[in-house]
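Structure record follows, encoded as structure tokens.
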There are 2 protein chains.
Amino acid sequence: MISQKAKYALRALVLLARAGADGSAMIIADISEQQNIPRKFLEQILLDLKRHGLLESRRGKNGGYALLKPADMITFGEVLRIIDGPIAPLPCLSKMAYKRCADCQGEANCEVRRVFAGVAEATRAVLDRTTIADAISDETELATEF
Amino acid sequence: MISQKAKYALRALVLLARAGADGSAMIIADISEQQNIPRKFLEQILLDLKRHGLLESRRGKNGGYALLKPADMITFGEVLRIIDGPIAPLPCLSKMAYKRCADCQGEANCEVRRVFAGVAEATRAVLDRTTIADAISDETELATEF
DNA sequence: GACTAAATCTACCTAATAAGTAGAGATAAA
DNA sequence: TTTATCTCTACTTATTAGGTAGATTTAGTC
């Protein structure tokens, strides 16, 4: 299960992508209200996305958030990794945070690892190839991609 | 990430499948030792798997655990659902525990849901088709299945 | 019938994480 | 200088992960 936080992040990005091909910014309060996301929680999320280079912001009057990275360059995988951390189903299958299982006796022989490697590959195939732009484009497209 | 508990469950099942095509039982202590799983924790796990019909047990001398369900009928997905609960990445995509997102405004239009539906399908394709028997069979088989 | 080897049951513990809340501070425009 | 906005830091509260502990039941053996 992905976290509520990640869901919020993705929804906010989708909204900003819809609003902002033209670079127009949205303020936190409006995003929060339109998407029903707790405002102070959303602040932290957007800040985090900004620090990772997905968003830009301006303070004060006429301020707000807008996409910095183009919507077709932001993958779902990237967002999930920022907000939730590694996507891989096992630490020993993570690219961003590889960690050997404490009690592992030889990864090459690990049946569990072998099976989940397939899962990891399958999920990456979707998450690292699907962008925010894909998500808001023609609805039928996604279903037929593979 | 799957839980440590689920990893333990799968490793124990793999071990029992290896040991027990002939119906021979293994005692908790031995499984615990061979797989480096905390003993008391493993007890709970095996009990749970038994209650769900995957294992059978006998108490007292010459007791132990053995597979009740054949190894080629136990999928990784089944085990994960028993130990960790729903596999789906979103509650609104779970078959075993469907739950509408509190703030959802129309699932059909939800971009996030649409993308993760693809993820769910991809992971189910692996987890619900791969059995314990597959996991211990010829190593090259899994990689080339799809 | 006592002893011993197992599984079973129930309760508890501790640290980390999820999902927020609170409030003061910085900055930009009018 | 006032107001609208983002920014920073700290706190809270409930749940879950990953176990431990100990008493109890059951089945075979001496």
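Proteins come first, then strands; the chains are lettered A, B, ... in the order of their sequence lines, and each starts at number 1. Computation of the quantities below employed the complete heavy-atom set of this structure, encompassing side-chain atoms and omitting hydrogens, waters and symmetry-equivalent molecules.
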Whether B:Thr130 side chain and B:Leu127 backbone form a donor-acceptor pair below 3.5 Å: no
Atom-pair distance (CG on B:Leu42; P on C:dA6), nearest Å: 14 Å
What protein N or O atoms touch nucleotides 28-30 of chain C N or O atoms at under 3.5 angstrom, if any, and at what distances?
| residue | atom | partner | partner atom | Å |
| --- | --- | --- | --- | --- |
| C:dA29 | OP1 | A:Arg58 | NH2 | 2.5 |

Rounded distance (Å) that lies between atom P of C:dA6 and atom CG of B:Leu47: 17 Å
Residue list, side chain to side chain donor-acceptor pair (under 3.5 Å) with A:Thr131, at least two apart or on another chain: A:Asp134
Minimal non-hydrogen separation, B:Ala66 against B:Leu16, with atom names: CA-CD2, 4.4 Å
Contacting residues from residues 76-92 of chain A, given that a heavy atom lies under 4.0 angstrom of DNA chain C: none
Which side-chain N or O atoms in residues 68-77 of chain A pair as donor and acceptor under 3.5 Å with protein atoms at least two apart or in another chain?
| residue | atom | partner | partner atom | Å |
| --- | --- | --- | --- | --- |
| A:Lys69 | NZ | A:Glu78 | OE1 | 3.1 |
| A:Lys69 | NZ | A:Glu78 | OE2 | 2.9 |
| A:Thr75 | OG1 | A:Glu78 | N | 3.0 |

Note, A:Leu67 side chain near A:Leu55 side chain (heavy atom, < 4.5 Å): yes
Side-chain N,O (A:Tyr8) to OP1/OP2 (C:dG20) below 4.0 Å: yes
d(CE, B:Met26; P, C:dA5) in whole Å: 18 Å
Distance, rounded to the nearest Å, where B:Lys50 contributes NZ and C:dC9 contributes C1': 12 Å
Over all atoms of both residues, closest heavy-atom pair of B:Leu90 and B:Arg113: CD1-CA, 3.9 Å
Gap between atoms CE and C1', on A:Met1 and C:dA19 respectively (whole Å): 16 Å
Side-chain donor/acceptor of B:Ser57 to backbone N/O of B:Leu47, under 3.5 Å: no
Sequence neighbours excluded, every pair satisfying salt bridge (charged side-chain N to carboxylate O under 4.0 Å, His left out) that has a member inside residues 81-94 of chain A: A:Arg81-A:Asp128
First-last contacting nucleotides on DNA chain D - partner chain A, under 4.0 angstrom, heavy atom: D:dA4 to D:dA10
Acceptor/donor pairs from residues 91-102 of chain A side chains to any protein atom, 3.5 angstrom cut, sequence neighbours excluded:
| residue | atom | partner | partner atom | Å |
| --- | --- | --- | --- | --- |
| A:Ser94 | OG | A:Met96 | N | 3.3 |
| A:Ser94 | OG | A:Ala97 | N | 2.9 |
| A:Tyr98 | OH | A:Glu107 | OE2 | 2.5 |
| A:Arg100 | NH2 | A:Cys104 | O | 3.0 |

Separation of C:dA19 C1' from A:Ile2 CD1 (nearest whole Å): 14 Å
Pair up each side-chain donor or acceptor in residues 6-15 of chain A with any protein partner under 3.5 Å, not counting sequence neighbours, and list the distances.
| residue | atom | partner | partner atom | Å |
| --- | --- | --- | --- | --- |
| A:Lys7 | NZ | A:Gln4 | OE1 | 3.3 |
| A:Tyr8 | OH | A:Gln4 | NE2 | 3.0 |
| A:Arg11 | NE | A:Gln35 | OE1 | 2.8 |
| A:Arg11 | NH1 | B:Asp103 | OD2 | 3.4 |
| A:Arg11 | NH2 | A:Gln35 | O | 2.5 |
| A:Arg11 | NH2 | B:Asp103 | OD2 | 3.1 |

All pairs passing salt bridge (charged side-chain N to carboxylate O under 4.0 Å, His left out) where residues 30-39 of chain A contributes a residue, at least two apart: A:Arg39-A:Glu43
Separation between CG of A:Asn36 and CD1 of A:Ile31, rounded to the nearest 0.5 Å: 13.5 Å
Shortest non-hydrogen contact from A:Arg114 toward A:Ala108: NE-O, 4.4 Å
Short side-chain to backbone donor-acceptor contact, A:Thr123 and B:Ala122, under 3.5 Å: no
Closest-nucleotide ordering on DNA chain C, the 5'-leading residue of B:Ile28 and B:Gln44: B:Ile28
Proximity to DNA chain D (any heavy atom under 4.0 Å), residues of residues 32-41 of chain B only: B:Pro38, B:Lys40, B:Phe41
Atom-pair distance (CD on A:Glu43; P on C:dT21), nearest Å: 11 Å
